[in-house]
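Here, residue 1 is the first one in the sequence, and each next residue gets the next number. Every heavy atom of this structure was used, including side-chain atoms; hydrogens, water molecules and symmetry mates were not.
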Amino acid sequence: MIKLFKAACLSFTLATVTGTSAMSASACNEMRFIALQGSEDSELAIKLNGALLVRHGGPHVNAVPADLLLEGENLLEMELTTSRADATAKAELFVGCEGAFPEEPGQNPNSLLLLHQDGNGKQSAFFQSGPVPQLSYLKAEPGSDEGLRDAIRKLLTAARKGDVAAYLSLLSPMINDLPLQNGPPPQMIEAMLTDLLSGQFDIIATPDIRIRKILKGRAYQVTTADNRGPITFSPKGSKDGAGFEVTQGAFWIKTSEGWKVFRL
């Protein structure tokens, strides 16, 4: 969901809040979201616990799930990059119903946190979250990124060989997390990957990648210069960006069995 609009000049608000909701637990499937608003000739980046959730240019309103939460203290960051003195940005953390149409930042009920930025610059705030599902990244121990580049090459090799079993084995934490997040069944993910690895796609690796420590050192995010995952699946025969592309291999944790992908 993207909606264009003109933003008014706003002052900066910083808050530290608890992750409680006034909504009835039986009203809907409650989720935390981040609503964001950018400006013309500007770029807005949103990070949660160090992980880049979205980077978007131009005037827009959008909302993304507040994924990658930690129990206890969490950090929301917003950066507006612009040459315009009148540019503004907002980011609002709120509790909403899954599938509901969110409002622009500052107008959502059950708001937990609101950040404003006028002109070029950054804002951030800590907030508290209650218990979260025991997802794979919560069990990972902080450590270095040694061996991560080799694991990315291993994922790429499996993709180029069309080895679905080997590819899926590197995604085992993600597959195990799906039932905890009401995600699609593993069979659906396997079918999607079987299609991607069927030979109908060119598989492109970007050698110039950035490795970013996230989630207080528990995990790493791997991105290209344009903030995409390091492995791209592009339909064969497509020209000038025709068709769709899929990028994968962005989120990794170190397990007892080595490096694994816990989010695509």
Taking the side chain as C-beta and beyond, is there a heavy-atom pair between [X] and [Y] under 4.5 Å?
X	Y	result
Lys139	Thr255	no
Phe262	Leu215	yes
Ile46	Val64	no
Leu171	Leu264	yes
Pro184	Ile189	yes
Phe251	Leu68	yes
Asn120	Leu80	no
Ser136	Asn176	no

Answer yes or no: is there an ion pair linking [X] with [Y], defined by an N-O contact shorter than 4.0 Å?
X	Y	result
Arg55	Glu43	yes
Lys90	Glu104	yes
Lys254	Glu146	no

| said: Determine whether Leu155 and Val261 satisfy the following criterion, side chain to side chain contact (heavy atoms under 4.5 Å, CB included), listing intermediate values before the conclusion. | reply: CA-CA 9 Å; Leu155 187 70; Val261 175; 4.2 Å; yes
| For Phe94, the rest of its hydrophobic cluster, which grows through side-chain links under 4.5 angstrom |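 So far as hydrophobic clustering goes, Phe94 is joined with Met31, Phe33.
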When you measure from the side chain of [X] to the backbone N and O of [Y], does any donor-acceptor pair fall under 3.5 Å?
X	Y	answer
Lys47	Leu75	no
Thr247	Ile231	no
Ser42	Glu40	yes
Glu190	Val164	no
Asn108	Glu103	yes
Asn74	Phe126	no
Lys236	Gly199	yes

| query | Counting only heavy atoms not in Lys216, do more than 12 sit closer than 6.0 Å to its NZ atom? | reply |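 Enclosed: over 12 neighbouring heavy atoms sit under 6.0 Å from NZ of Lys216.
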| remark: The salt bridge (charged side-chain N to carboxylate O under 4.0 Å, His left out) partners of Asp163 (sequence neighbours excluded) come to none
| task | Kindly write out the residues that satisfy salt bridge (charged side-chain N to carboxylate O under 4.0 Å, His left out) with Arg263, not counting sequence neighbours, or none if the list is empty. | result |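 Scan of Arg263 (salt bridge (charged side-chain N to carboxylate O under 4.0 Å, His left out), adjacent residues dropped) gives Asp67, Asp177.
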| request: Could you go through the side chain to side chain contact (heavy atoms under 4.5 Å, CB included) check for Phe233 and Leu193 one step at a time? | output: CA-CA 11 Å; Phe233 295 82; Leu193 293 176; over 6 Å; no
| query | Side-chain heavy atoms under 4.5 angstrom apart, residues restricted to Ile, Leu, Val, Met, Phe, Trp, Tyr: same cluster for Leu52 and Ile253? | reply | no
| Do Met188 and Val246 belong to the same hydrophobic cluster, where Ile, Leu, Val, Met, Phe, Trp and Tyr are linked whenever their side-chain heavy atoms lie under 4.5 Å apart, directly or via other members? |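 No, it is not one cluster - the side chains of Met188 and Val246 are not joined through contacts under 4.5 Å.
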Indicate whether any N or O donor in one side chain lies under 3.5 Å from an N or O acceptor in the other, for [X] and [Y].
X	Y	value
Gln123	Gln117	yes
Ser172	Glu257	no
Glu92	Ser111	yes

| remark: The reported gap from CE in Met78 to OG in Ser124 (rounded to nearest 0.5 angstrom) is 9.5 Å
| request: Determine which pairs satisfy ring pair (Phe, Tyr, Trp, His ring centres under 6.0 Å) with at least one residue from residues 173-232, sequence neighbours left out, and list them in order. | output: Phe201-Phe244, Tyr220-Trp259
| remark: Taken in chain and number order and not counting sequence neighbours, the residues that satisfy side chain to side chain donor-acceptor pair (under 3.5 Å) with Arg160 are none
Determine all donor-acceptor pairs shorter than 3.5 Å in which one atom belongs to a side chain in residues 204-214; sequence neighbours excluded.
residue, atom, partner, partner atom, Å
Arg212, NH1, Gln221, OE1, 2.9

| Between Leu138 and Leu70, which heavy-atom pair has the shortest distance, and what is it? | CD2-CD2, 3.7 Å
| request: Search all heavy atoms of Pro102 against all heavy atoms of Ala63 and return the closest pair with its distance. | output: CG-CB, 3.5 Å
| request: Please say which of Lys154, Lys161, Gln248 ends up in a side-chain hydrogen bond (donor to acceptor under 3.5 Å, both in side chains) with Tyr167. | output: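 Among Lys154, Lys161, Gln248, the one meeting side-chain hydrogen bond (donor to acceptor under 3.5 Å, both in side chains) with Tyr167 is Gln248.
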